[in-house]
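Heads up, the thing below is written out as structure tokens.
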Amino acid sequence: MTRKLISDPEPLQPGYIPSDFVNRENTKTALSNLIGPDSSRNIHLQGPEGTGKTHLTLLQVNKLDQVNTCYVDCKNSDTQYKALRQVLQSLTEEPVNTGYHTSDLQRKIEERTGAIQTVIVLDEIEFLLENSGDSLLYFLSRMENQPKVNVITISNQNLNLQKQVEVRTFSSLQPYPITLEPYTGEDVYDIILDRARKSLRPQTVQKSSLTYIASKTTNPRLGIQWLKTAAETADKIITETHVQQIEEKAINEYIDQLLEPFTEHHSLLFQAIQDLAENTDTTIQTGDVYQSYQELCQSQEVESLSNRRISDHLKQLELLNLIKAEYYYGGAKGKTREIRLNYAGSYSKS
DNA sequence: CCTCCACAGGAACCGGTGGGAA
DNA sequence: TTCCCACCGGTTCCTGTGGAGG
């Protein structure tokens, strides 16, 4: 039933790496100048979601010969310990069990990086910094005495690395900053047009439908998901009207995808916020959210977590850019934060 | 000037898990 | 085997916050 329009599903998948990137020549040049056999700069790459930070970095790093590459997704490895395990696993190419002392892992990593140049990529570093501070970066920066280790940190545009880590860490890391500009509507149009050409049968997309998507979002990931949802649900041809009709569904599928690596409670919490946002015009505070979350848990017969824990989960939803929060540390409203949704669309578990 | 709002977020602690030494 | 110790997700406890209203 679906797939009628799709000849090759790959270019519509979230993990697909295009052979070329729209509007990223400067970034590519900068990366290839900085990452190489005779360069040993640490780098901090920053920019909005879906602008190619991770892919461009890995493309460059994978070009190198005779270099150890360690990629750590800090959304999953959000403590020093988990990240160190990940690094060591990359170096030894065999699984590293838990149970070791942190300093054991550190020692083993130091032993293995002494002789060979090693590039450590820490993707979505904001999750690790938020959860367990800068102890990992401090260790890595201290390892700089071993000049063969380069650290590349990648984060969304909201992070201020220098403010988030201690002075001693930042000053010995001295990362070279690379900022990726947000994509414009035209860029997004080019990107989804390219994906449509690669994956859809000829004459199955009206141009106006792509224009509509590009006018609604500057986030290519959402745009591509939108196109994918449209292609999976359209009859013979993707029209502008069809794209409009499935807007909510597309956003929900994008959000599901974002929340997929997280726990059931993150999803419940987000759903609780959406319920509140739909039913109230006033601003939402943490207390309302927690109550709504508890009720939702009860109706689903799930045991709710403590509000302290949920406070941390909220922070993670904020890092995912799913919600915006404004913090008040006292004042008329008390000590709280006001929460808003970043995407309109209502959430439904599929 | 005092009090209260209403939760942020640090600290200490708990039980389960898994490696290492005796 | 037994004992010890570290990590981790989670909980409980607690202190701090700054302006509006009394």
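Chain naming here is simple, since letters A, B, ... match the order of the sequence lines and numbering starts at 1 in each. Since the structure is predicted, the reported quantities are computational estimates derived from the model, not experimental observations.
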Pull out every protein N or O sitting under 3.5 Å from an N or O of nucleotides 18-22 of chain B, one pair per line with the distance.
residue, atom, partner, partner atom, Å
B:dG18, O3', A:T98, O, 3.3
B:dG19, OP1, A:N97, ND2, 3.0

Inset, instruction - Under 4.0 Å between any heavy atoms, over every strand shown, what does A:Y327 touch: base, sugar-phosphate, or nothing? Just pick one. - result: sugar-phosphate
Legend entry - A:K228 side-chain N/O to A:A250 backbone N/O, donor-acceptor pair under 3.5 Å: no
Inset, instruction - Can you run down the salt bridge (charged side-chain N to carboxylate O under 4.0 Å, His left out) pairs that involve residues 66-94 of chain A, sequence neighbours left out, and say none if there aren't any? - result: A:K75-A:E124, A:D78-A:K82
Legend entry - Rounded distance (nearest 0.5 Å) linking atom CG of A:N42 with atom CD1 of A:I35: 10.5 Å
Legend entry - Euclidean distance, atom CD of residue A:E130 to atom P of B:dA8 [Å, nearest integer]: 12 Å
Legend entry - Polar side chain donor-acceptor pair, A:S209 to A:H242, under 3.5 angstrom: no
Legend entry - Donor on one side chain, acceptor on other, A:S292 and A:D275, under 3.5 Å: no
Inset, instruction - State whether A:Y138 and A:R168 meet the cation-pi test: NZ (Lys) or CZ (Arg) under 6.0 Å from the six-membered ring centroid, and within 45° of the perpendicular axis. - result: yes
Legend entry - Residue pairs fulfilling ring-ring contact (aromatic ring centres under 6.0 Å, His included) with at least one residue in residues 295-326 of chain A, sequence neighbours excluded: A:H266-A:H313
Inset, instruction - Please list, chain by chain and in numerical order, all residues satisfying salt bridge (Lys or Arg N to Asp or Glu O under 4.0 Å) with A:K249, sequence neighbours excluded. - result: A:E253
Inset, instruction - Anything under 30° is parallel, anything over 60° is perpendicular, the rest tilted; go ahead and classify A:F21 against A:H55. - result: tilted
Between protein and nucleic acid, restricted to nucleotides 14-16 of chain B and to nitrogen or oxygen atoms under 3.5 Å apart, what atom pairs and distances do you find?
none

Inset, instruction - Strictly below 4.0 Å, heavy-atom distances to any atom of DNA chain B: list the hits from residues 305-325 of chain A, or just say none. - result: A:R308, A:S311
Inset, instruction - Would you kindly give the CD-to-P distance between A:Q285 and B:dA8, to the nearest whole Å? - result: 10 Å
Inset, instruction - Go through the structure and list residues passing salt bridge (Lys or Arg N to Asp or Glu O under 4.0 Å) with A:E181, not counting sequence neighbours. - result: none
Inset, instruction - Provide the full list of salt bridge (charged side-chain N to carboxylate O under 4.0 Å, His left out) pairs with a residue in residues 15-27 of chain A, sequence neighbours left out, each pair given once. - result: A:D20-A:K28
Legend entry - Helix axis bend for the helix from B:dC1-C:dG22 to B:dA22-C:dT1 - C1'-based end axes, five pairs, 10° rounding: 30°
Tabulate atom names and distances for all N/O pairs under 3.5 angstrom spanning the protein and nucleotides 18-22 of chain C.
residue, atom, partner, partner atom, Å
C:dG18, N2, A:G331, N, 2.8
C:dG18, N2, A:G331, O, 2.4
C:dG18, N3, A:G331, N, 2.6

Inset, instruction - Please list residues of residues 72-87 of chain A whose heavy atoms come under 4.0 Å from any atom in DNA chain C, ordered by number; otherwise none. - result: A:T79, A:Y81, A:K82
Inset, instruction - Give a yes-or-no answer on whether the side chains of A:S103 and A:H101 include a donor-acceptor pair shorter than 3.5 Å. - result: yes
Inset, instruction - May I ask you to decide whether A:D104 forms a salt bridge with A:R107, counting only side-chain N to carboxylate O separations under 4.0 Å? - result: yes
Inset, instruction - Report whether A:L296 and A:V302 are members of the same hydrophobic cluster (ILVMFWY, side-chain heavy atoms less than 4.5 Å apart, transitive linking). - result: yes
Inset, instruction - For the pair A:Y71 (side chain) and A:S90 (backbone), establish whether a donor and an acceptor sit closer than 3.5 Å, ignoring hydrogens and angles. - result: no
Inset, instruction - May I ask you to evaluate whether A:R337 reaches the phosphate of B:dC7, defined as a side-chain N or O under 4.0 Å from OP1 or OP2? - result: no
Inset, instruction - Take A:Q106 and A:Q80 through the side-chain hydrogen bond (donor to acceptor under 3.5 Å, both in side chains) test and state the conclusion after the steps. - result: CA-CA 10 Å; A:Q106 292 178 336; A:Q80 170 175 215; 2.9 Å; yes
Legend entry - For A:E326, all residues meeting salt bridge (Lys or Arg N to Asp or Glu O under 4.0 Å), sequence neighbours excluded: none
Inset, instruction - Using only heavy-atom distances, determine whether the side chains of A:N26 and A:T29 contain a donor-acceptor pair under 3.5 Å. - result: no
